[in-house]
Each structure stands twice: as C-alpha cells, then as structure tokens.
Amino acid sequence: MLKAHGLKCVRGDTELFSNLEFSVKSGEALVVKGDNGSGKTSLLRILCGFSHPVEGDVTWCDESIFRHDSFRQQISYVGHQSGVKMDLTVLENLSFMQRLAGEGSDASKLKELARYVGLFKQRNVLTRKLSAGQVRRVALAKLLLEQRSIWVLDEPLTALDKEFIVKFELDLKNHLDKLGLLVVTTHRELKLPEFRVKQITLS
Amino acid sequence: MQEITYLEGRALFVWGAYGITVVVLVLSIVFTSLRKNKILKEIKQALEQ
Amino acid sequence: MMWKFLHRLSSLKYFYEWSGKWIPWLTGLTIVLMVAGFYWGLFIAPADYQQGETYRIIFVHVPAAWMSMFVYVIMAIAGFTALIWRTKVSEIVVSECAVIGAMFTALALITGMLWGKPTWGTYWQWDARLTSELILLFLYLGVVAIHSAIEDSRTASRLSGILAVIGVINIPIIHFSVTWWNSLHQPNMQLVSASPSVHPSMLYPLLVMAAAFQAYFIVLLIIRMRNQILYRERRTNWVKQLLVEVN
Amino acid sequence: MLNVLLTVIHRDLLVAFRRRAELMNPVLFYAIVVTLFPLGVSPDVSFLSKLAPGVVWVTALLAALISVERIFKQDFEDGSIEQLFLSPYPVSLLIFGKVVAHWIITGVPMLGIVPIMAMLLHIPGQVLPVLWISVLIGTPILSLVGAIGAALTVGLGGGGMLIGLLVLPLYIPVLIFASSAVSAAMDGQAVSGQLAMLGAGLILALILAPLAISASLKVSMD
C-alpha cells in the first residue's frame, strides 16, 4: 500500500501541487493526468525517493519511503530519459541491466527478451543508431527483466507504435494481475481493467 | 602626536592595515542593510502586482 | 529544554523574531569592543622590541585569521545539520557563513601582506600560514561559487554543506602538509612568527580584538540571515504581514 | 558483490572504448604539457630536472581536473544514474566502479607515458621507480577526489572551472607529497615518508570519497 499525505512540490518559485493525497494498493494502477509542466514527473521522482517533497510524506506499508531503504529496490522506473547507454548495443544494455538487478548473466534469456520486444535483429546494433521507439522498447524491456513489484512509468507510450502498445498493455495487465503496483503518467488512453485504475489530475 | 603618525616610517602599513579592516567591516554591514531594503522593495512590488 | 528551544529556533519565522531582539545589543557590544581594541592596540600597547611598530598589525591580522577558521567550523557544523536534519535555518547559516568567512580570510591575507612588506621586504611570501590562508580562501570561494551557480537555494546549501564538511576534514591536512612543505624549502630563514610567546601587555588587546571580531561576526551573520529569510519566505503571509507593519 | 563492481567498470570502459578518439586525450594532454614546459622555461638540464617533479605532477592534476567531469555527466543526461540508485547493491560501490573506470582511462596511461616524460624533462633513470610508485598511489586519489567535485557540479550544467575551484584545495596535499617524493629521490634522500603520506591519503580517499560522492549525487539529483 503506497500512500501520499499532503504532498507539496515547488520548482524554483512556482508551486506545482500542494496537499496531494492518494493511496494505491497492490494490484491497482494510479494514472496521473495533467498537462505539461504540471509536476507529473516531479511527483514520480518523489515516489521513487529521488527527490524530497517540500511538505508532506510518502509511506509504503505505513513507513516513510525516505527512511525505508529497501523500498527503492522494489521499484522499476522508466523516466523521460531512457536510462540506456547510447554507446552500447541492445544486448550489452540488457546484460548490464540484468547484472545490475543482481540476476547473474544468462545470455539465452536476454536473446529471448530482445525477440519479445521485437529487437532481435537489431540486438547487436548500437542503441545510438536505433529509432526513438526502439530505444523506448529497450528501456521498457527492463520491466520484464527485473520483475519488480512496483512499476513507475513516465509517459511510457511516447514514440511507440500501435502494435507494440497493445502488447505492452497486455504486460501491464499481467503485472496488475500478479498484484504488482503501477504508477503511470500518460497523455494517451491506456486500456486497463477499469476496476483497478485510480486517476488523479494535477492542475 | 607626531610620533604616532611617523611610527618609524611604517605608519603607512600599520594605518593601512587598520584602515582596510575598518573599511571592509563597515562596508559589509552597509551593503547588507542596503540589500535588505532592496529585498523589501522587491517583495512590495511583487505584492502590488 | 535546550532541545525544545533549538527545535523552535529551526523555524524561520521564530528565528527571525528571536534574532531581531538581539541585534541592537550585539551591535552596541561590537562597537564598544572594536573601539577599545583599536585604541588599545594602536596607542597603548608597547612596540615590539624586534619588529617595532609593524607589530601592531597583528592585532588585526591574527583575529581575522582566527575568525576565518572559526567561521569555517561553524559553516561545517551547519552544513552537517543541514544534511542530516534538513533544518532550514542551518541551510541559511551555511550560505551566509561562506561569504563572511571569505571576507575574513581576504582580510587576514591583506593584513598579512601589509605586515610582510616591512618585515620581509615583499608583499607575498610563501610562508606556511599565509599559504594555508590562501587555500582556505579557495575553499570558501568554492562554497560561494556553488551558491551562485544554483538558483534553488535549498539544493545549493545542501551541496555546500557536503563541501564544508569535506573542507573541515581537509583543513588540518592542508595545514600540516603546507607547514611541512614550507620547512622543507626554507630551513635556514629565521622565521619571525606573527605571534611569538606574547607578553601580557600585548595579549590583552589581542583578546579584546578577537572578542570584537567574534561579536561582529554574530551581528553580521544574523543581519545577513534575516535578509535571506525575508527573501526565501517572501511568499508566506507572515512576511507580507510584516511588510504592512513596516510602512 | 565483486562482480557487480566489475560489471560497472566493464560497462564504463566499453562506453569509453566506443569513443576511441576520446581515449587518447589524457596521453596527448600529458605529452603536450610536458613538451611546453622546457620551451617556456629553459632547456638547461640542471634547471629542468629540478623543476621536473612539479611539472609531472601539475600535469597529472590538470589532466584529472579536465577529465573528471565526464564520469557522471553522460550518465546524468541519459538517466542511467537513477538506475544505479535503484539497484539492490549499495550506491557507493557502483560509483566506486565508475571512479575506477575513470582512473583506468586517465591514471594508467600516465604510468605508461612516465618514462617518456622523464626523458623529456631529464629526470635521471634511477628515480623512475619512485616516480612510478608516486603516480600509482597518487592518481587514484586525484580520480576519487575529483569525482566528488564532479558529483557536486553535475546538476549545474556549466561545471567547467567550478570543479577546479572545489577540488583544488583537496589536490594540494597530494601535489606537495608526490612531487617532493620525486625530488627527494632525485637528491638521493629517503622517500618512504612522502610515499607513506600519499598512501595514507589514498586510504582516506578510498573510504570517504565514495560516501561523499553518493551524498552529493543524491542532492544533485533532487
């Protein structure tokens, strides 16, 4: 159970949002709506514990995430930037993610994952040479690789093509079925089971 | 009085050192209070808008 | 009781009012001490048998040097608290101490050079103390530079908090290595140290001047912090309400 | 635990090797600066050799200063620094890996070029071992301490000379002990004292630097 109490965030002089309250249970998805610059990304970064809110607190199982060290290890975060090294090939990026997540190197699993995200042919190509959509797929492949319980996604659908979006929505649904938790910001509609979705809008 | 000003020819350095100290200390206080008025004026303007 | 007081002090509004009351007293004390110290040092204290009149410069040079290190320690402590407990007041102390510390260090350097000219014949001498003072100035300028490079003063003060803490660990190391390096290159020159075993008639004015600098530092710090608090809290209503009272 | 360290080092070296041109920068820098000094000062042997230790170590300092910004800059821009914070492994360990990778790119080439520098600056041959040891112990300190400066300024954009200003006071003890070790060796005196101090500095940096770097990165990412 992830809960936020009276969250307030200020960037420079402008106040993005204040006394924001919400709570998300495992198996539920929180969709954050709001136009550009309304603080969606800042909110996600606060939930990941990267930045501190000016006021209020975020608790996971009723304990503040800023004191709860192992909380961060349960998060898979894909932000605006892909978090992927442009000078490495797809496979090298995936193998680094795998080792970083502490699962040891297993080449066959990586090849299978590359095929799953439709990048099998380009697996030995430098990420720098791929299109934005393909780079996004590499970043999203991390979610399936790490299998973590909390997914925090910032505009995951940008630059993705229709066909991959459908497949990705299926993955999201499976994640929720396995009682995973999802926090996502998006401009396009996400087809997710209605009863599991909570929505907040940042003005 | 003559003895103080002469200070064996080193008056320049001794008075110089004390002079600079007084100037620096006083100036920083003056600049700080000037800054205070600037801040107050700024806030007031922001209020009027 | 002490802890509660400290905790209340950490709120900007309370600190602003609390410190406001102290300013008149402290300014009065500073002026009295300054005048007494200057008069005593310049006119009453006997000239040094060896250096003659230039010796009087130490009544300004040494307190400034002491203050430059004292202010750095204060900044490091405030930086440490800003990092651990994120108190707003200690963050402001860090940013203001950096400027004041840099001022004291520059003052110590200038008076040191003015003392050096008649004694050594040149303004700058790679003497161990002057070199350590110069490096301390760079440490301060580092903190000041961080503050001017970042607009968001909260991140700035936390970053300079880290730098201040690292600096404190480094000050003894610098001092040791510079003194050791200095002795390596000038074993022969008989170093006339700025404060030899000081005769009481010279010690008292020195202590009075040190106290005067100390009081001055506190007054300046409080005034600068109040400015910074006004600036940071300009959006809050207690500042707006304060403004209404002022004019 | 160890293999994740090796993974980070391996990844950073791989990224560096992909940009082959940049790999040569440190070595070129050493060569250029060392050749400039005799031209600027005077080619006279006895004068140059007295100056040589300082020249070698000032060059090492400057090379570290200009290259240290690269450690976190790119990771910050492509967002992979956040992934390091999300891994189950302690952040200081991963960051330590990145600093080791930087040392391998800047410090190790210096070890290679030391004999050439010594030749150009008329450093006598028997002093070479001491020079090597001082470089071996000293350059990791430069990378570790420089990385603190890099972490402090990574969020600021115009890092540039600001890193120099922040890190300069921390580099000075290294410069003093390292260059005096070499000059003492040239005069035939004992060098164990200076090298011991350098070793102590290295241990201090190894322990404190990663903590300071992860703290600074957390604040810069805020």
Side-chain angles (χ1 to χ4, degrees), chain A residues 9-11 41-42 44-54 66 69-89 91-105 126-129 135-136 138-139 142-143 145-146 148 150-152 154, chain D residues 1-23 70-98 101-102 105 151 154-157 211 214-222:
Chain A
C9 174
V10 170
R11 183 181 300 147
T41 309
S42 309
L44 259 56
R45 285 177 66 85
I46 290 173
L47 293 182
C48 293
F50 292 145
S51 51
H52 287 254
V54 175
F66 298 108
D69 281 344
S70 64
F71 169 71
R72 263 220 281 267
Q73 272 75 46
Q74 300 160 30
I75 297 177
S76 281
Y77 171 69
V78 175
H80 273 300
Q81 303 124 333
S82 58
V84 155
K85 292 305 255 183
M86 286 303 170
D87 293 320
L88 297 177
T89 66
L91 268 188
E92 280 162 355
N93 267 313
L94 291 180
S95 85
F96 178 71
M97 288 177 200
Q98 191 178 46
R99 284 220 196 87
L100 198 64
E103 272 145 34
S105 57
L126 284 182
T127 333
R128 181 183 299 284
K129 296 192 172 59
V135 172
R136 203 76 189 144
V138 176
K142 167 153 56 74
L143 301 173
L145 188 71
E146 288 173 346
R148 295 218 176 136
I150 303 171
W151 287 4
V152 179
D154 198 347
Chain D
M1 190 66 94
L2 181 64
N3 65 28
V4 84
L5 184 65
L6 296 179
T7 318
V8 173
I9 297 173
H10 168 68
R11 181 195 72 159
D12 264 33
L13 288 180
L14 210 54
V15 168
F17 279 106
R18 286 284 151 69
R19 293 215 196 98
R20 202 153 318 284
E22 273 181 30
L23 257 186
R70 237 197 353 242
I71 301 180
F72 298 118
K73 194 90 180 145
Q74 225 225 339
D75 281 21
F76 208 81
E77 270 143 19
D78 62 24
S80 43
I81 206 83
E82 282 143 1
Q83 305 307 330
L84 293 185
F85 275 88
L86 293 180
S87 92
Y89 296 99
V91 178
S92 326
L93 182 72
L94 304 172
I95 285 165
F96 181 67
K98 290 185 74 62
H102 170 264
I105 296 168
V154 71
L156 307 191
L211 301 177
S214 47
S216 320
L217 278 180
K218 280 200 189 83
V219 174
S220 301
M221 265 183 8
D222 194 331

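All values below come from the heavy atoms of this structure, side chains included, with hydrogens, waters and symmetry mates left out. Keep in mind that this is a model prediction, so the values were computed, not measured. All chains are named by letter (A, B, ...) in the order of the sequence lines, taking the proteins before the strands, and each is independently numbered beginning at 1.
- Only the side chain of D:Leu94 has a heavy atom closer than 4.5 Å to any heavy atom of chain A.
- Neither the backbone nor the side chain of D:Val219 has a heavy atom closer than 4.5 Å to any heavy atom of chain A.
- Panel note: side chain D:Gln83, backbone A:Tyr77; a donor-acceptor pair is recorded below 3.5 Å.
- With a threshold of 4.5 angstrom between heavy atoms, D:Gln74 approaches chain A through its backbone and through its side chain.
- For the set A:Arg45, A:Lys85, A:Arg72, the entry with the most heavy-atom pairs within less than 4.5 Å of chain D is A:Lys85.
- We find the OG-CZ distance between D:Ser87 and A:Arg99 to be 14.0 Å, quoted to the nearest 0.5 Å.
- Looking at every heavy atom in both residues, A:Ala101 comes nearest to D:Pro88 through O-CG, 3.8 Å.
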Take D:Leu86 and A:Arg148 through the test side-chain contact (heavy atoms from CB on, under 4.5 Å) and record every step on the way to the result.
CA-CA 11 Å; D:Leu86 293 180; A:Arg148 295 218 176 136; 4.2 Å; yes
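- A:Gln81 and D:Phe76 make their closest contact through NE2-O, 4.0 Å (heavy atoms, listed as atom of the first residue, atom of the second, distance).
- Applying a 4.5 Å heavy-atom cutoff, the residues of residues 13-20 of chain D that approach chain A are D:Leu14, D:Val15, D:Arg18, D:Arg19.
- Of all the heavy atoms in D:Phe85 and A:Gln73, the pair that sits closest is O-NE2, 4.4 Å.
- A 4.5 Å side-chain heavy-atom check between D:Thr7 and A:Leu100 finds every atom pair outside the cut-off.
- Annotation: residues 91-98 of chain A contacts chain D through A:Glu92, A:Phe96 [non-hydrogen atoms, separation under 4.5 Å].
- Within a 6.0 Å radius of NE2 in A:His52, other residues, nucleotides and ligands contribute more than 12 heavy atoms.
- Of the two parts of A:Leu126, only the side chain, counted from C-beta on, holds a non-hydrogen atom closer than 4.5 Å to a non-hydrogen atom of chain D.
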